[in-house]
A.B. asks: 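The structure that follows is given in the form of structure tokens.
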Amino acid sequence: MGSIDTPTITENGSTQSQAAAPSGGDHKPPASANGAQVEVSPEPEGTKKRRSSMLPLEVGTRVMCRWRDGKYHPVKVIERRKMPYAVPYDYEYYVHYTEFNRRLDEWVKLEQLDLDSVETVVDEKVEDKVTSLKMTRHQKRKIDETHVEVGHEELDAASLREHEEFTKVKNIATIELGRYEIETWYFSPFPPEYNDSLKLYFCEFCLNFMKRKEQLQRHMRKCDLKHPPGDEIYRSGTLSMFEVDGKKNKVYGQNLCYLAKLFLDHKTLYYDVDLFLFYVLCECDDRGCHMVGYFSKEKHSEESYNLACILTLPPYQRKGYGKFLIAFSYELSKKEGKVGTPERPLSDLGLLSYRGYWTRVLLDILKKHKGNISIKELSDMTAIKAEDILTTLQSLELIQYRKGQHVICADPKVLDRHLKAAGRGGLEVDVSKLIWTPYKEQS
């Protein structure tokens with residue numbers, strides 16, 4: 001499988017590939033070694049007829065497509081639309097790159113498709129299996145290592161298919177948020193009046209969104225917010241965390257969900273925000289507090305969930321903020337005197353992120369602790385649910401079952417090896433800077 005460049009954030013925040021695709025359109029005759037133009041023979045009439053007979057391409061067609069790296073990759077046609085004032089076969093096609101995450105889906109022109117590679121439809125399950133085998137763990141992480149998605153157990157197979165059909169085509173291509181222009185990854189169910197908007201402009205403080213730059217500029221002259229509309233519960237250096245009550249700030253909570261859905265594939269909460277608290281992480285400067293990411297949690301969870309959804313915005317990814325948000329959710333659980341766990345099911349990447357956090361926290365304690373320690377004691381110290389501790393230590397082969405009970409085997413060299421493999425812990429949460437009262441104790 002050919003490699004594909006990971007999209008990167010440019011200085012203004014827009015997501016672009018590391019290699020630009022050659023522009024389509026003007027096809028000049030190729031040059032010979034001495035620079036002279038080589039005459040290209042006209043396309044045979046039979047080939048022309050065969051191509052015209054397959055156009056326009058049907059939804060479901062599989063074909064090779066030139067991506068922005070200039071290379072061809074296999075795609076599946078998800079949707080098509082006729083271009084205005086176009087010749088009969090002039091369609092644009094919305095394609096899914098079958099080797100990669102849905103976030104790379106995009107509209108392409110016919111000239112980007114290699115019609116000689118058009119395939120008949122193959123069995124979905126067989127194709128998915130082949131694709132997963134072709135992808136190395138490193139390549140999967142390179143494309144996917146950006147966010148955690150949690151909390152979709154309510155979607156059965158039929159609902160999931162309906163969700164994917166409803167959200168198959170990205171409706172908003174880019175957003176402007178503060179000083180960043182960001183390419184979106186997924187569909188988000190904005191109100192119908194925004195259906196014709198390829199780009200939206202967000203106020204980075206109240207998260208109201210508009211269709212035009214001029215509207216945003218007028219709004220910014222009137223908007224007096226310089227931070228999320230909630231209580232600041234943490235400030236350390238330039239980092240700040242605000243707690244926003246979904247019931248008290250319903251519009252902000254809904255706008256945050258619209259925004260987050262652009263970067264989370266299976267997020268389902270949009271309107272019913274009253275039962276949730278949103279913890280919004282900001283970088284602060286003399287212009288205000290600029291949102292970096294957030295996590296949400298239920299005000300009251302019978303299942304001990306301390307986190308429902310978590311996102312770091314693309315311009316701020318790979319800086320340790322995701323790990324910081326996970327650690328922060330556990331610090332809140334400690335303050336509540338409860339154990340916590342993220343809402344299930346976790347995505348593969350979500351499990352990877354949490355397993356890394358659990359590993360680092362637990363092994364740090366085991367390295368320093370003298371004598372025996374139980375899983376219950378570890379849970380009390382860390383606020384990590386006992387089941388998560390047990391599965392983490394079992395995955396590291398650090399636990400054995402002897403005489404009816406689990407025994408932790410903590411060889412220092414083995415612990416060091418696992419800690420090294422777990423990677424760095426990201427930004428530290430300075431607990432002394434956390435000023436917070438659990439929700440149940442608020443008046």
Side-chain angles (χ1 to χ4, degrees), residues 6-18 101 103-104 141-150 172 174-186 188 200-207 209 225-228 230 232-244 252 255-265 267 278-296 307 309-329 331 347 349-350 352-354 356-357 423-430 433:
T6 307
T8 56
I9 305 298
T10 62
E11 284 186 13
N12 72 347
S14 63
T15 312
Q16 298 179 346
S17 68
Q18 292 171 343
N101 188 285
R103 77 185 59 162
L104 297 179
R141 287 186 65 184
K142 188 178 179 186
I143 291 294
D144 283 346
E145 194 173 68
T146 43
H147 67 273
V148 183
E149 297 171 35
V150 293
I172 308 297
T174 58
I175 63 166
E176 186 172 303
L177 181 71
R179 62 193 179 95
Y180 292 108
E181 182 178 82
I182 312 169
E183 285 188 3
T184 64
W185 294 348
Y186 303 110
S188 183
L200 289 182
Y201 299 84
F202 278 79
C203 170
E204 63 175 327
F205 301 117
C206 72
L207 297 188
F209 46 88
L225 274 181
K226 294 299 176 187
H227 57 73
E232 186 177 32
I233 61 171
Y234 180 88
R235 174 70 74 101
S236 179
T238 59
L239 276 190
S240 184
M241 183 75 85
F242 289 83
E243 180 185 68
V244 181
Y252 181 90
N255 290 346
L256 179 55
C257 289
Y258 281 130
L259 173 63
K261 179 62 190 72
L262 292 169
F263 305 101
L264 297 175
D265 194 6
K267 180 173 171 53
F278 299 90
Y279 294 89
V280 185
L281 179 62
C282 299
E283 283 183 353
C284 303
D285 58 25
D286 54 3
R287 296 186 301 114
C289 298
H290 313 281
M291 188 175 92
V292 163
Y294 85 102
F295 71 89
S296 59
L307 183 145
C309 197
I310 179 172
L311 171 74
T312 303
L313 289 168
Y316 300 98
Q317 287 167 1
R318 298 177 183 272
K319 296 182 179 181
Y321 288 128
K323 295 172 182 175
F324 178 91
L325 289 169
I326 290 174
F328 200 94
S329 70
E331 293 303 334
S347 65
L349 183 64
L352 192 69
S353 301
Y354 269 91
Y357 172 79
R424 292 177 298 173
L427 301 168
E428 297 261 335
V429 179
D430 184 347
K433 305 291 177 63

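Just so you know, residue 1 is the first one in the sequence shown, and it goes up from there.
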A.B. asks: Quick check: do L207 and L177 have side-chain heavy atoms less than 4.5 Å from each other?
C.D. replies: yes

A.B. asks: Going by the rule side chain to side chain contact (heavy atoms under 4.5 Å, CB included), which residues pair with T238 if we only count those two or more places apart in sequence or in a different chain?
C.D. replies: none

A.B. asks: Looking at every heavy atom in both S353 and I326, which two are closest together, and how far apart are they?
C.D. replies: CB-CD1, 4.0 Å

A.B. asks: Using side-chain contact (heavy atoms from CB on, under 4.5 Å), reason through F263 and S188 one step at a time and then give a plain yes or no.
C.D. replies: CA-CA 9 Å; F263 305 101; S188 183; over 6 Å; no

A.B. asks: Which label fits Y180 and Y316: parallel for a plane angle under 30°, tilted from 30 to 60°, or perpendicular past 60°?
C.D. replies: perpendicular

A.B. asks: Under the side chain to side chain contact (heavy atoms under 4.5 Å, CB included) test, which residues partner K433, sequence neighbours left out?
C.D. replies: Y234, S236, D430

A.B. asks: Do you know which two heavy atoms are closest between P228 and Y252, and how far apart they sit?
C.D. replies: CB-OH, 3.6 Å

A.B. asks: In terms of relative ring orientation, are Y279 and F295 parallel, tilted or perpendicular, with 30° and 60° separating the classes?
C.D. replies: parallel

A.B. asks: Closest heavy-atom contact between C289 and F205?
C.D. replies: O-CE2, 3.4 Å

A.B. asks: What pairs with D286 under side chain to side chain contact (heavy atoms under 4.5 Å, CB included), at least two apart in sequence or on another chain?
C.D. replies: none

A.B. asks: List for me each residue that meets ring-ring contact (aromatic ring centres under 6.0 Å, His included) alongside Y201, sequence neighbours excluded, and say none if there are none.
C.D. replies: none

A.B. asks: Y321: which residues meet the side-chain hydrogen bond (donor to acceptor under 3.5 Å, both in side chains) condition with it, sequence neighbours left out?
C.D. replies: E283

A.B. asks: What's the separation between atom CG in L262 and atom CZ in R103, rounded to the nearest 0.5 Å?
C.D. replies: 13.0 Å

A.B. asks: Taking atom types as modelled, find out whether S240 and E232 have a side-chain donor-acceptor pair closer than 3.5 angstrom.
C.D. replies: yes

A.B. asks: Of all residues at least two apart in sequence or in a different chain, which pass the side chain to side chain contact (heavy atoms under 4.5 Å, CB included) check with E428?
C.D. replies: none

A.B. asks: When rounded to the nearest 0.5 angstrom, what is the spacing between CD1 in I175 and OH in Y258?
C.D. replies: 15.0 Å

A.B. asks: Compare every heavy atom of T174 with every heavy atom of I172, then report the nearest pair and how far apart it is.
C.D. replies: CG2-O, 3.4 Å

A.B. asks: Which atoms form the tightest heavy-atom contact between L281 and M241, and what is the distance?
C.D. replies: N-SD, 3.6 Å

